[in-house]
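Some notes on the structure that comes next.
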Amino acid sequence: MLNKYARAFFTRVLTPFAAFLLRRGVSPDAVTLIGTAGVMAGALVFFPRGEFFWGTIVITLFVFSDLVDGNMARQAGISSRWGAFLDSTLDRVADGAIFGGFALWYAGKGDDNVLCAVAIFCLASGQVVSYTKARGESIGLPVAVNGLIERAERLVISLVAAGLAGLHKFGVPGIEVLLPIALWIVAVGSAVTLGQRVVTVRRESAEADAAAAPGNGAAT
Ligand SMILES: CCCCCCCC/C=C\CCCCCCCC(=O)OC[C@H](COP(=O)(O)O[C@@H]1[C@H](O)[C@H](OP(=O)(O)O)[C@@H](O)[C@H](O)[C@H]1O)OC(=O)CCCCCCC/C=C\CCCCCCCC
Ligand SMILES: Nc1ccn([C@@H]2O[C@H](COP(=O)(O)O)[C@@H](O)[C@H]2O)c(=O)n1
Ligand SMILES: [Mg+2]
Ligand SMILES: [Mg+2]
């Protein structure tokens, strides 16, 4: 949903910045790499210590690089298969760091085995949700479904909640409950999304196999 409705807005807002970086000789790949490193640092330095506010601030500063890199590549007319591969692969690394950071907190001082398991489930299911699309497309299917929550939703739900939950350390009472709620929402939403994508791939592969079967007029 965000990918559909918010992307156009962020493209408009970020285009001048992307043009500025190109004029300074910065490459899209450099933005992809630096953005991922920044997200990883924010997640793995701050989240395992329960510093959710500052972790979220650092991650937010870097995570928009994922919208800037592609914008730069398109403006410069240098979009490439390598760039698409690098972008998607490092998305998985960044997501692993974010949900891994939550899991490390709950495995340590956060001391909650259930929430640790929920964070690990968010990490794993998010990766599998993305994999379903990549693998489906690699076997020639359109995978014409996005599902309930895509990557942008997973990030917005968990980071907004983490940033607000972090205000607990500044004396706002009761607000830390937002992070567990968000993790449960992302976990359930990712499971539903996974189901939606698997059902779609099953239907599309059955249709493609039927169309390719001998005797239906299609060339083999
Ligand atoms: C006192 C307040 C404290 C709180 C402070 C914190 C506030 C800020 C909190 C959160 C900000 C979160 C921002 C998250 C932005 C996410 C941007 C982003 O990276 O989106 C990526 C996404 C996908 O890009 P790609 O096409 O490159 O990736 C593809 C995707 O990953 C596919 O995965 P799948 O979806 O299938 O699972 C892969 O299949 C594919 O391989 C891969 O290529 O980009 C978009 O979707 C574009 C839309 C972005 C919309 C961003 C909306 C941000 C909205 C609000 C942020 C500000 C909220 C402020 C709240 C303040 C609360 C007090
Ligand atoms: N280093 C990069 C990063 C991205 N691309 C191209 O942009 C597409 C992704 O666009 P986003 O707006 O989602 O970042 C990607 O598929 C590539 O075509 C690139 O070339 N180099
Ligand atoms: Mg990108
Ligand atoms: Mg990306």
Side-chain angles (χ1 to χ4, degrees), residues 1-44 47 55-102 122-160 162 186 189-190 193-194 197 201:
M1 209 167 70
L2 282 174
N3 203 16
K4 197 168 163 193
Y5 297 108
R7 187 179 270 276
F9 169 77
F10 280 102
T11 298
R12 266 200 310 280
V13 170
L14 293 172
T15 291
F17 180 60
F20 167 79
L21 291 178
L22 284 169
R23 282 198 302 275
R24 301 300 300 254
V26 179
S27 73
D29 286 1
V31 171
T32 309
L33 287 164
I34 292 168
T36 306
V39 170
M40 289 177 71
L44 294 175
F47 285 175
T56 305
I57 294 295
V58 172
I59 292 170
T60 302
L61 286 175
F62 285 96
V63 80
F64 284 99
S65 66
D66 192 19
L67 296 170
V68 174
D69 54 4
N71 189 318
M72 290 171 69
R74 285 185 289 276
Q75 278 196 55
I78 53 170
S79 295
S80 63
R81 286 184 178 83
W82 161 251
F85 171 83
L86 185 70
D87 183 308
S88 289
T89 302
L90 293 188
D91 284 352
R92 308 287 84 78
V93 174
D95 294 358
I98 291 171
F99 291 101
F102 293 139
C122 290
L123 194 170
S125 56
Q127 307 279 14
V128 178
V129 162
S130 299
Y131 177 79
T132 53
K133 194 150 213 164
R135 184 65 179 130
E137 287 171 353
S138 81
I139 54 174
L141 300 174
V143 196
V145 63
N146 291 321
L148 186 63
I149 61 168
E150 297 178 85
R151 179 167 185 254
E153 284 84 3
R154 293 197 295 273
L155 291 180
V156 170
I157 292 167
S158 49
L159 291 176
V160 168
V186 171
S190 297
T193 308
L194 181 56
R197 290 194 181 187
V201 168

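In this text, all values refer to a predicted model and were calculated from it rather than measured experimentally. Counting starts at 1 for both ligands and their atoms, in listed order.
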Side-chain touch [X]/[Y], heavy atoms, less than 4.5 angstrom:
X	Y	result
Ser65	Thr32	no
Val201	Arg135	no
Asp95	Leu155	yes

Shortest-distance N/O/S atom, Asp69 versus the Mg ion (ligand 3)
OD1

Would you please name every residue forming a side chain to side chain contact (heavy atoms under 4.5 Å, CB included) with Thr11, sequence neighbours left out?
Arg7, Thr15, Asn71

Least distance between heavy atoms, Val26 atom then Val31 atom
CG1-CG2, 3.8 Å

Under 4.0 Å from a heavy atom of [X]: give me the atoms of ligand 2 that qualify, with their elements.
X	value
Asp29	1 (N), 2 (C), 21 (N)
Thr32	1 (N), 2 (C), 3 (C)
Asp69	3 (C), 14 (O)
Asp87	3 (C), 4 (C), 9 (C), 14 (O)

Determine, using heavy atoms of Arg7 and all atoms of ligand 2, whether some pair is separated by less than 4.0 Å.
yes

Return yes when Arg74 approaches ligand 2 closer than 4.0 angstrom through a heavy atom, no otherwise.
yes

Step-by-step side-chain contact (heavy atoms from CB on, under 4.5 Å) determination, Ile98 to Arg154:
CA-CA 11 Å; Ile98 291 171; Arg154 293 197 295 273; over 6 Å; no

Are side-chain N/O atoms of Arg92 and Thr89 paired as donor and acceptor at under 3.5 Å?
no

Select the closest option to atom 18 (O) of ligand 2 among Ser79, Ala73, Ala18, judged by heavy-atom distance.
Ser79

Best match, Gly35, Ala84, Pro28: closest heavy atom to atom 16 (O) of ligand 2:
Ala84

Regarding Asp87, does it place an N, O or S atom less than 2.8 Å from the Mg ion (ligand 3)?
yes

State, to the nearest 10 degrees, the angle whose vertex is the Mg ion (ligand 4) and whose arms point to OD2 of Asp66 and OD1 of Asp91.
80°

Compute the shortest N/O to N/O distance between Asn71 and ligand 2 and return yes if it is under 3.5 Å, no if not.
no

My understanding is that only residues two or more places apart in sequence, or in another chain, count here; which of them pass ring-ring contact (aromatic ring centres under 6.0 Å, His included) with Phe85?
Trp82

